[in-house]
Amino acid sequence: MTTDIPDADRTAWEKAGVRLDLDGELATVTLCDPARRNAQTPAMWRALAGVGRALPGSVRVVLLRGEGSSFSAGLDRAMFTPEGIPGETGFLQLAALPDAELDAVIAFYQEAFSWLRRNDLVTVAAVQGHAVGAGFQLALACDLRVVAEDVQFAMKETTLGLVPDLTGTKPLTELVGYARALEICATGRRVGAEEAVATGLANLAVPAADLEEAAADLAAALLAAPRSAVIETKALLRGAIDRSYDQQRAAEREAQARRLRDLAGR
């Protein structure tokens, strides 16, 4: 489909392991480096952030998927080596930065993940195989998760002496609660499909062969609802966590008043 996104941008994103396909109100973002199990790099994060900035305003639903047997095996381990990734700042170099510069670098990396929580979009991750570390956090950045029965979530950062810093700690804690989130992160253990659905990490688990169809069906159902109502509902639900009962009642009234006036053309 013809879009206003320059071919040069698309080519650069794909070289970094990210492909964007647009079909009307649906955007499909694919991690497309299956030979490396979609291992993540700063280049991939720049590409993901670029996709988020470039999405046409007509897009309502984003489907995030990974090619191959794994959604994403996490951070490219070359980032831990003295040599690092050519052209990128490795962890040893990051550690030497002043506090403000290091904070800015990590904040920039987080932009690859944070746009997936925008209120004007509903984002769905279709996750198969390994979703480790940064891969787990990328799936957590989405609103909804459909998983294959072979999925293996794991948060390995703590076992490597680090912390999850790519926006994953808040949604993980909101979904499964503090105690289970701590246990998952501190042990680095694997979470399979059955536990993911039971604890709220995943909305649905299906056989691997059915993952693409199940995710597409969910995207279609999301697109069937009026856009303005979905945006208001997402904002209302996301804000509920931090509001008191009475504050949430007031927020519901305010949102409904906007919807009624919109429907009445006022």
Side-chain angles (χ1 to χ4, degrees), residues 16-19 28-42 44-45 47-48 51 62-77 79 109-110 112-117 123-160 162-176 180-212 214-216 218-219:
V18 179
R19 185 173 64 248
T28 301
V29 179
T30 303
L31 307 183
C32 57
D33 192 3
R36 298 175 60 254
R37 294 194 299 164
N38 299 313
Q40 297 182 33
T41 64
M44 179 180 282
W45 296 335
L48 284 167
V51 167
V62 175
L63 176 59
L64 177 65
R65 57 183 296 273
E67 282 187 353
S69 60
S70 292
F71 176 74
S72 174
L75 184 68
D76 189 325
R77 291 299 182 91
M79 287 287 287
Y109 292 162
Q110 290 173 332
F113 299 72
S114 58
W115 70 269
L116 290 159
R117 291 175 66 85
T123 54
V124 179
V127 189
Q128 80 284 3
H130 294 94
V132 178
F136 192 0
Q137 293 186 79
L138 189 58
L140 284 167
C142 292
D143 297 308
L144 309 172
R145 281 152 296 282
V146 179
V147 301
E149 291 175 346
D150 68 350
V151 75
Q152 295 288 324
F153 290 113
M155 200 72 83
K156 291 292 189 181
E157 285 83 351
T158 307
T159 61
L160 296 171
L162 301 170
V163 300
D165 66 338
L166 297 171
T167 78
T169 57
K170 182 173 176 61
L172 179 62
T173 304
E174 290 173 349
L175 289 166
V176 305
R180 190 179 295 269
L182 175 60
E183 180 249 332
I184 288 171
C185 291
T187 65
R189 72 171 177 85
R190 297 181 178 184
V191 177
E194 183 177 354
E195 181 181 355
V197 172
T199 58
L201 271 176
N203 298 81
L204 176 69
V206 297
D210 298 335
L211 180 62
E212 185 174 346
L218 177 55

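- Put simply, the side chain of R37 never gets that close to the backbone of S69: no donor and acceptor are under 3.5 Å apart.
- Distance alone, capped at 3.5 Å, is enough to place a donor-acceptor pair between the S72 side chain and the G74 backbone.
- The number of heavy-atom neighbours closer than 6.0 Å to CZ of R190, taken from other residues, nucleotides and ligands shown, is 12 or below.
- Remark: the backbone N or O of A139 is paired with a side-chain donor or acceptor of R145 at under 3.5 angstrom.
- Closest heavy-atom contact between V18 and A47: CG2-CB, 3.9 Å.
- Residues C185 and L172 approach most closely at SG-CD2, 3.6 Å, considering heavy atoms.
- Evaluated for a side-chain contact (heavy atoms from CB on, under 4.5 Å) with L144, the options V124, L63, T123 yield exactly one hit, V124.
- Remark: side-chain polar atoms of Q128 are not paired, donor with acceptor, to backbone N or O of D150 under 3.5 angstrom.
- Residues L138 and M44 fail the side-chain proximity criterion, which asks for heavy atoms closer than 4.5 Å.
- Here the CG-CD distance, from D165 to E157, works out to 7.0 Å after rounding to the nearest 0.5 Å.
- Using a distance-only test at 3.5 Å, with no hydrogens or angles considered, no donor-acceptor pair links the side chain of E67 to the main chain of N38.
- Remark: R77 CZ is loosely packed, at most 12 non-hydrogen atoms of other residues, nucleotides or ligands lying under 6.0 Å away.
- Taking each heavy atom of A126 and F71 in turn, the nearest pair found is O-CD1, 3.5 Å.
- Surrounding CD of E149 are more than 12 heavy atoms belonging to other residues, nucleotides or ligands, all under 6.0 Å away.
- Taking CG from L140 and OG1 from T169, the interatomic distance works out to 9.5 Å, rounded to the nearest 0.5 Å.
- A distance-only check finds a donor-acceptor pair linking the side chain of W115 to the backbone of L48 [under 3.5 Å].
- The structure places CD1 of I184 at 5.0 Å from CZ of R189, a figure rounded to the nearest 0.5 Å.
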Check your understanding: Can you list the steps and then say if V147 with L201 is a side chain to side chain contact (heavy atoms under 4.5 Å, CB included)?
Key -> CA-CA 10 Å; V147 301; L201 271 176; over 6 Å; no

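- The 12-atom threshold is not exceeded at CD of E194, counting heavy atoms of other residues, nucleotides or ligands nearer than 6.0 Å.
- Taking every heavy atom of both residues into account, G168 and Q137 meet most closely at N-OE1, 3.1 Å.
- Separating the CD atom in Q40 from the CG atom in D76 is a distance of 10.0 Å, to the nearest 0.5 Å.
- From K156, atom NZ reaches atom OG1 of T187 across 8.0 Å, with rounding to the nearest 0.5 Å.
- Minimum interatomic distance between Y109 and M79 (heavy atoms only, all atoms of both residues): OH-CE, 4.5 Å.
- To the nearest 0.5 Å, atom CG of residue L166 and atom CG of residue L75 are 8.0 Å apart.
- Heavy atoms only, all atoms of each residue included: A214 and V146 are closest at CB-CG1, 4.1 Å.
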